[in-house]
Amino acid sequence: MSLLVRGAHQVATPTGNGARRGSNLATLTVFSDAVVRCENGRITFVGEEGEQRRRFGEPDEILETEGGCVLPGFVDPHTHPVWAGSREDEFDRRLRGETYMEIARAGGGINSTVRATRAASSENLLATTLERLDRFLTHGTTTIEAKSGYGLDLETELRMLEVVRNANSNHPIDLHPTCLAAHEIPPEYRGDPETWVQRLVDEIHPAIARSGLAEAVDVFCEEGVFDLEQTRRLLTDADSLGWRIHLHADELTPLGGAELAVELGALSADHLMCVTPEGVGALATSETVAVLLPGTSFFLRSPWAPARALVDAGCAVALATDCNPGSSPTESMPMILALATLGMGLGVAEAVTASTLNAAAAIGRADEIGSIEVGKSADLIVLAEPTYHHLVYHFGLNPVRHVVKGGRIVVRDGVRCFDRAFHGPVDA
Ligand code: NIG
Ligand code: FE
């Protein structure tokens, strides 16, 4: 099966198999009047159309982009996409002055979503997750990291991760599952958090690791949730469980999460709204990717992460939605790019690299996805407008017109075009 993406005004992409840093974050390779050829799910050619024809002959299918801009599909390296219920009441309370943590300590927050998720059937969780995935995909996201964390008991955490596995095989988006059983202290352990930490270490993490349903582990390291020492205990055996590490670090208070992530060799340290200069310094000299989530700052009306300082210090910076019902209910990476530029001060090219190649590095996949280069998976988006600046410039709307995942057209003219049980596009 071959696909030719032709007629683009611009094909724009970062290049390489690892995260880009410092001034290289802004370096995109931009082709004018180039085509992209895909064979059996991989990119086999990027360049001049005549040369493509001489080397490869006629393709099975052509996607006419009509002067649009072709970019790599977004990689969203931090999402909580499986949940039941909704928290718009808390949103309104926050608008009237209560804080996220005050609401959480009064029985709302993550634990209110835990109650709804425990009560929901797996079928219902899968159906709502697939709807969310459709929204991710139509906004240009072709791969996500997907956390559990609204079960907070072994049975529901396993059910959430099974939903992630089922969604992965029933939807074009690739999902990379992370165990976030250490997301909160469940109501049953509110008076005795130490026992909950010990149960996670002794029983819940090992059982989830044995299930093979998670690739990585995450902890919400935060004042009033898991402190630095508890987080260290929760994560020190991650290697022996076969897990890479992500960490919710320095989100609402500066606890030293960034430094701990570096010490443990984590793939990523995420949020970092309150990261200290020492944390920035530690990240800059490490392979740990700084995943920034400006949707959360926007939605909680809290400070932006110091994106400029992180980039200028030489950290590997990526962007993600943090899609979840409490602090960032959005699937839209174009919205995140708007906030990253207009709010956090990144340039548009920097934001493109941070949401594609560097985001792939944050989930350990930069050698397979995240750029338009020969050999990588053919995950592409086509904007209706001619240049990549339009991702952000025309803000508030979805700039993504077509989406190609693994060499197949899965969104055409803004509408998904694959069967619900994904065995290929409807019109193939
Ligand atoms: O990344 N910080 C912890 N977890 C989420 C919020 C989850 C929720 O409020 O439901 C976050 O912001
Ligand atoms: Fe999160």
Side-chain angles (χ1 to χ4, degrees), residues 76-91 93-94 98-118 120 125 128 132 144-152 156-157 160 176-187 216-227 231 234 245-255 257 261 266-275 289-305 318-331 336 339 359 362-363:
D76 191 340
H78 182 135
T79 83
H80 307 247
V82 182
W83 77 80
S86 172
R87 308 235 296 272
E88 70 279 7
D89 54 328
E90 294 181 7
F91 169 59
R93 281 164 65 186
R94 283 196 297 98
E98 281 181 79
T99 68
Y100 178 83
M101 269 305 174
E102 283 165 0
I103 292 170
R105 295 290 78 96
I110 292 170
N111 271 319
S112 77
T113 301
V114 169
R115 285 189 291 278
T117 304
R118 286 178 178 175
L125 289 173
T128 49
R132 281 177 204 127
I144 68 172
E145 181 264 8
K147 302 176 195 297
S148 66
Y150 292 118
L152 308 188
T156 318
E157 289 292 316
M160 288 185 72
H176 293 281
T178 297
C179 167
L180 181 56
H183 195 191
E184 206 1 331
I185 318 296
V217 60
D218 192 347
V219 176
F220 186 14
C221 180
E222 183 57 60
E223 200 169 273
V225 191
F226 299 101
D227 66 24
T231 305
L234 285 161
I245 297 171
H246 302 287
L247 191 59
H248 279 72
D250 303 318
E251 177 176 354
L252 307 170
T253 42
L255 284 194
L267 268 179
S268 71
D270 303 34
H271 282 290
L272 303 172
M273 281 130 78
C274 299
V275 67
V289 179
V291 175
L292 308 185
L293 307 150
T296 310
S297 301
F298 177 65
F299 197 72
L300 297 184
R301 297 198 294 171
S302 45
W304 305 110
L319 291 166
T321 59
D322 196 20
C323 176
N324 77 76
S327 69
S328 188
T330 182
E331 295 88 353
I336 296 305
L339 297 173
I363 56 169

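Position 1 is the first residue of the sequence, and the numbers go up from there. Counting starts at 1 for both ligands and their atoms, following the listed order.
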Practice problem: Answer yes when Glu184 and Arg105 have at least one side-chain N-carboxylate O distance shorter than 4.0 Å, and no when they do not. | Solution: yes
Quiz item: Is a side-chain donor or acceptor of Asp250 paired with a backbone partner of Gly257 at a separation under 3.5 angstrom?
Solution: yes
Quiz item: Residues two or more places apart in sequence or in another chain: which of them pass salt bridge (charged side-chain N to carboxylate O under 4.0 Å, His left out) with Arg118?
Solution: Asp153, Glu188
Quiz item: Counting no waters, what protein N/O/S atoms lie under 2.8 Å from the Fe ion (ligand 2)?
Solution: His78 NE2, His80 NE2, His248 NE2, Asp322 OD1
Quiz item: Parallel, tilted or perpendicular: which fits the ring planes of His78 and His271, with parallel below 30° and perpendicular above 60°?
Solution: perpendicular
Quiz item: Looking at His246 versus His176, is the centre-to-centre ring distance below 6.0 Å?
Solution: no
Quiz item: Listed by chain and number, what are the salt bridge (charged side-chain N to carboxylate O under 4.0 Å, His left out) partners of Arg132, not counting sequence neighbours?
Solution: none
Quiz item: Which protein residues have a heavy atom closer than 4.0 Å to any atom of ligand 1, listed by chain and number?
Solution: His78, His80, Arg87, Tyr100, Ile110, Tyr150, His183, Phe220, His248, Glu251, His271, Asp322, Asn324, Gly326, Ser327
Quiz item: Should the pair His80 and Tyr150 be assigned to parallel (<30°), tilted (30 to 60°) or perpendicular (>60°) ring geometry?
Solution: tilted
Quiz item: Checking Ser327 side chain against Thr296 main chain: does a donor-acceptor pair fall under 3.5 Å?
Solution: no
Quiz item: Are Cys274 and Thr253 close enough, and set up right, to give a side chain to side chain contact (heavy atoms under 4.5 Å, CB included), and what steps lead you there?
Solution: CA-CA 6 Å; Cys274 299; Thr253 42; 5.6 Å; no
